[in-house]
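Just so we're clear, the structure is a prediction, and the values are computed from it rather than from any experiment. Proteins come first, then strands; the chains are lettered A, B, ... in the order of their sequence lines, and each starts at number 1.
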2 protein chains.
Amino acid sequence: MEPRISLITLGVEDLERSYRFYKDGLGLPTTWSPEKGVIFFKTRGTCLALYPFDKLAEDVNPALKVEKPKFSGIALAYNTRTKGEVEEVLEKAKRAGGKIEKPAQNAFWGGYSGYFSDPDGYLWEVAYGAFEFNEDGSLAIT
Amino acid sequence: MEPRISLITLGVEDLERSYRFYKDGLGLPTTWSPEKGVIFFKTRGTCLALYPFDKLAEDVNPALKVEKPKFSGIALAYNTRTKGEVEEVLEKAKRAGGKIEKPAQNAFWGGYSGYFSDPDGYLWEVAYGAFEFNEDGSLAIT
């Protein structure tokens with residue numbers, strides 16, 4: 001098994017709404033559109049995918065009839081190259097219809113960060129100062 | 001904003017248990033250990049991180065006292081290079097203490113896949129046949 005995550009799929013309530021948030025709002029590139037029933041973004045390294053929540057649950061197990069949770073237990077993170085970008089990205093997410101869950105502030109781990117949630121409530125931390133970057137934009141995990 | 005996901009953090013109930021599952025069971029590389037309170041794996045593209053569920057919720061908002069959901073609404077995916085690897089990875093996850101949620105089978109989208117869940121119930125799809133690979137092991141999203 002190679003050390004990589006190929007895809008992260010978010011189960012969403014409204015595919016069109018989430019597509020607009022991530023494509024138009026955050027500017028993530030894709031050639032897919034909602035009528036195809038699934039969206040794959042060309043995010044580097046690990047691909048972000050959107051798929052209807054009910055269908056995702058059904059694909060795992062048709063007996064899995066569950067409510068969408070308030071807090072998934074998972075947070076995605078976007079690490080910035082400058083401190084100023086943290087506010088910029090949070091503002092961008094807000095303008096796109098996201099919610100700022102925690103304004104940018106000094107973090108206990110020594111960096112600077114905040115959180116926004118997407119239209120389904122999935123959390124993104126926007127963080128500066130944790131790690132250096134590799135050439136391809138991924139984090140140089142120590 | 002660059003098109004990338006820096007980190008995906010799973011909020012886990014037992015950091016030691018999850019560390020063992022991903023490091024010893026699945027073989028993901030890391031220099032971190034549970035006494036540091038957080039684990040970062042050197043996964044390509046997007047870094048996989050483990051952090052206690054309660055602390056993750058508290059980091060977002062101390063008022064966010066929520067139950068860990070049965071189904072997070074999110075699925076990670078590991079795409080294989082051969083069909084046979086799908087069963088191999090599912091078996092590896094099972095031996096490591098994971099649960100096979102859906103045995104390997106032909107998928108509606110034309111490929112071959114199955115699902116396992118990690119010790120916290122977070123879902124991983126193991127899939128073959130969706131996309132070609134880039135040189136770095138990431139998916140060549142069309």
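- Applying the salt bridge (charged side-chain N to carboxylate O under 4.0 Å, His left out) test to every pair with at least one member in residues 24-50 of chain A, sequence neighbours left out, gives these pairs: A/Arg20-A/Asp24, A/Arg44-B/Glu2.
- Both the backbone and the side chain of A/Ile5 come within less than 4.5 Å of a heavy atom in chain B.
- Below 30°, between 30° and 60°, or above 60°: for B/Phe108 and A/Tyr51 the angle between ring planes is below 30°, a parallel geometry.
- Residues B/Phe41 and A/Ile141 are not in side-chain contact: their nearest non-hydrogen atoms beyond the backbone lie 4.5 Å or more apart.
- Residues B/Thr46 and A/Thr46 bring a donor and an acceptor atom of their side chains to less than 3.5 Å of each other.
- Using a 4.5 Å cut-off between heavy atoms, A/Trp109 does not touch chain B at all.
- The part of A/Tyr115 that comes within reach of chain B is its side chain, from C-beta onward, which places non-hydrogen atoms under 4.5 angstrom from that chain.
- Heavy-atom distances place both the backbone and the side chain of A/Thr142 under 4.5 Å from chain B.
- With respect to the salt-bridge test (charged N to carboxylate O, under 4.0 angstrom), the residues B/Lys102 and A/Asp59 qualify.
- Remark: the backbone N or O of A/Ser72 is not paired with any side-chain donor or acceptor of B/Ser72 at under 3.5 angstrom.
- Residue B/Val89 touches chain A through its side chain alone, counting heavy-atom pairs closer than 4.5 Å.
- With a 4.5 Å cut-off on side-chain heavy atoms, A/Leu7 and B/Leu76 do not count as touching.
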